[in-house]
Amino acid sequence: MNKITFTLNGQRKNALLESPDITVLQYLRANGWVGTKEGCAEGDCGACTVALVGKNEAGKAEYQAVNSCLMPLGALAGQDMVTVEGVAPSADIHDLDSLHPVQQMMVETGGSQCGYCTPGFIMSMFAAYYRGGGGDASDRDVEGNLCRCTGYLPIRKALANLDTPAADDPFVKKLKQPLTSPGSQPQFSPTDTGFIYPATLTEVFEALETQPDAVVIAGATDLGVDMNDGRLSAPTLISLEHVSELKVFEVAEDTVTIGAGVTLSQLESLQLFPALSTMISWFASRQIRNRATIGGNIATASPIGDLPPVLLVYDASITIANKDGTRELPLAEFFKGYRQTDLEPGDIITQICIPRQMTVDSSTRLSQSYKVGKRGTDDISIVAAAFCIDIDEANIITHARLAYGGVAATPARAVDVETWLVGKPWTLATIQTAKAQLSRAFTPLSDVRGSAEYRRMLIANLVEKFFVEMQHTGQAGEVLV
């Protein structure tokens, strides 16, 4: 049985992994750390939020809010975690003179209401307080936290009134300490069962060969829901979290290469592709983005995944590796059917490549993405769409990509309409004709989120929305030279 070591509120802790599907939240509550609550057990409400010391896109240490209900306990190995019990300088909950500045501000504004959701809000605000420093915090930092008392006004006021942390703040000092390197994390041989922590791709493939029934995880934000629902029956989890080869993030002149293990929060710094930046801003919540990876979002092959439509319109390709070598595949060829992909046993996605240029002549690129759901953030798409259009100096379309999620068994492009658009003028008349074709391009299903007819209307109307926005906002995306 594996034993992991981690830091909890400044103290070293050891935990036995009795089962690979025990969550961090379950461990905390079973061991007396009950300030962290369980609300939805799906990462939607934020009551379970804790903070981990992680790396931002620049490789610097920062506190990151995460959903403890979705995080396998094994993934806590080597981590430094803070819960609501650990934020105040004093362990005495009755010592009101020794509250953390975030807690004090919530008291002053009356932001706690019934108090059930308060620990989660505190931890999201805690991470924001140290990430940007007081006044840089915004509503986006608590978008993954639900207040059941509908008392958002005082909570928002508390968030807006936070000051900058003092230089002698112990948590500021903590972030200045060297980060633990992945190589020094606990390592277990591929013959162990329960939870395996490879440090290299070679070790990943060894573990996959030895444990063919194992499930590979990265952020585990999708599988975490299955764990809570009792639907995860794998005897072993293989974590990719400490594999440095999957953390590559390179921006070259003609290509952006993104390791499959790069988190969506880290990806937010990439501002080269408008459709990608927009979609990430609507992708779940801050807690989810801090754990979810780009490779995981692709590999799960959900027909309503948010990133695949965007990556499809940018003609992204993926690299798939196994013990025998690697192969590169256009993302458009990766999805084979509902939750079916080109991955074979022993395969993993290692990186995603997005070309920055697709034309040699000077042209203007227009690109954007849209997500339609029951609520703005932290929701599953009814329809997700992404568009990428190149226009030459004569206002003629020279390149077209239209991709959707939620309209078929897989994320899909409207290839016939794309072909028809090339050579046509970039005008409303062209778009109106394209709309008629798009309404017949897919056969979506009806479900609890929306009817098939509603989805067909969205498929067509979103491309007109794209045209109107590009015409009236002057948002030209990027210029290709």
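Quantities reported herein were computed from a predicted structural model and do not represent experimental measurements.
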Over all atoms of both residues, closest heavy-atom pair of [X] and [Y]:
X	Y	result
Ala460	Lys435	O-CG, 3.3 Å
Ser239	Phe195	CB-CE2, 3.5 Å
Phe249	Val256	CE2-CG1, 4.4 Å
Ser446	Ala452	OG-N, 2.8 Å
Ala403	Pro309	CB-O, 3.3 Å
Phe205	Ile348	CE2-CG1, 4.0 Å

Quiz item: Are Phe467 and Trp426 near enough that their ring centres are under 6.0 Å apart?
Solution: yes
Rounded to the nearest 0.5 Å, how far apart are [atom1] of [X] and [atom2] of [Y]?
X	Y	atom1	atom2	value
Leu270	Ile354	CG	CD1	6.5 Å
Met125	Thr118	CE	OG1	10.0 Å
Thr49	Leu25	OG1	CG	10.0 Å
Ile397	Ser363	CD1	OG	12.0 Å
Phe283	Lys371	CZ	NZ	7.0 Å
Ile349	Leu240	CD1	CG	10.5 Å

Note, [X] side chain near [Y] side chain (heavy atom, < 4.5 Å):
X	Y	result
Leu73	Gln26	no
Asp347	Thr341	no
Lys323	Leu208	no
Ser367	Tyr314	yes
Lys465	Gln368	no
Asn297	Pro308	yes
Pro303	Thr410	no
Thr350	Thr326	no

Taking atom types as modelled, is there a side-chain donor on [X] or [Y] under 3.5 Å from an acceptor on the other?
X	Y	result
Asn67	Glu42	no
Thr433	Thr430	no
Asp390	Thr398	no
Ser317	Glu328	yes
Gln79	Glu241	yes

Short side-chain to backbone donor-acceptor contact, [X] and [Y], under 3.5 Å:
X	Y	answer
Ser124	Phe121	no
Glu245	Leu201	yes
Ser269	Gln266	yes
Thr293	Gly261	no
Lys336	Glu333	yes
Tyr404	Ile459	yes
Lys424	Trp420	yes
Glu418	Leu402	yes
Asp139	Val142	no

Below 30° counts as parallel, above 60° as perpendicular, anything between as tilted: where do the rings of [X] and [Y] land?
X	Y	result
Phe466	Phe387	tilted
His242	Tyr197	parallel
Tyr130	Phe126	perpendicular

Exercise. In sequence, state the C-alpha distance, the side-chain angles, and the governing distance for Arg449 and Asp379, and then conclude on salt bridge (Lys or Arg N to Asp or Glu O under 4.0 Å).
Key: CA-CA 11 Å; Arg449 297 185 182 88; Asp379 198 10; 5.3 Å; no
Exercise. Answer yes when Asp447 and Arg455 have at least one side-chain N-carboxylate O distance shorter than 4.0 Å, and no when they do not.
Key: yes
Quiz item: When you look at Ile155 and Thr109, which way does the side-chain contact (heavy atoms from CB on, under 4.5 Å) test go after all the steps?
Solution: CA-CA 7 Å; Ile155 295 172; Thr109 63; over 6 Å; no
Practice problem: Please test Leu70 against Thr23 for side-chain contact (heavy atoms from CB on, under 4.5 Å), starting from the C-alpha separation and ending with a verdict. | Solution: CA-CA 7 Å; Leu70 299 181; Thr23 67; over 6 Å; no
Quiz prompt | Inter- and intrachain pairs under side-chain hydrogen bond (donor to acceptor under 3.5 Å, both in side chains), touching residues 212-229, at least two apart | solution = Asp222-Thr300, Asp226-Arg231, Asp229-Arg231
Practice problem: Evaluate the criterion side-chain hydrogen bond (donor to acceptor under 3.5 Å, both in side chains) for residue pair Ser265 and Asn290; output intermediate values, then yes/no. | Solution: CA-CA 5 Å; Ser265 287; Asn290 284 338; 2.6 Å; yes
Quiz item: After noting the C-alpha distance and the side-chain angles of Ile431 and Gln471, does the key distance pass the side-chain contact (heavy atoms from CB on, under 4.5 Å) rule?
Solution: CA-CA 12 Å; Ile431 296 303; Gln471 292 295 100; over 6 Å; no
Quiz item: Is it true that atom NZ of Lys157 has more than 12 heavy atoms of other residues, nucleotides or ligands lying nearer than 6.0 Å?
Solution: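 For Lys157, atom NZ is not crowded (no more than 12 foreign heavy atoms under 6.0 Å).
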Exercise. For side-chain hydrogen bond (donor to acceptor under 3.5 Å, both in side chains), just list the numbers for Ser281 and Thr278, CA-CA rounded to whole Å, side-chain angles, deciding distance to a tenth of an Å, and then say yes or no.
Key: CA-CA 5 Å; Ser281 70; Thr278 298; 5.5 Å; no
Quiz prompt | Full working for side-chain contact (heavy atoms from CB on, under 4.5 Å) between Glu469 and Leu366 | solution = CA-CA 10 Å; Glu469 285 188 353; Leu366 306 172; over 6 Å; no
Exercise. With sequence neighbours left out, write down each residue that passes salt bridge (Lys or Arg N to Asp or Glu O under 4.0 Å) with Arg289, or none if nothing qualifies.
Key: Glu143, Glu268
Practice problem: Please test Asn145 against Gln287 for side-chain hydrogen bond (donor to acceptor under 3.5 Å, both in side chains), starting from the C-alpha separation and ending with a verdict. | Solution: CA-CA 9 Å; Asn145 295 83; Gln287 291 98 314; 3.1 Å; yes
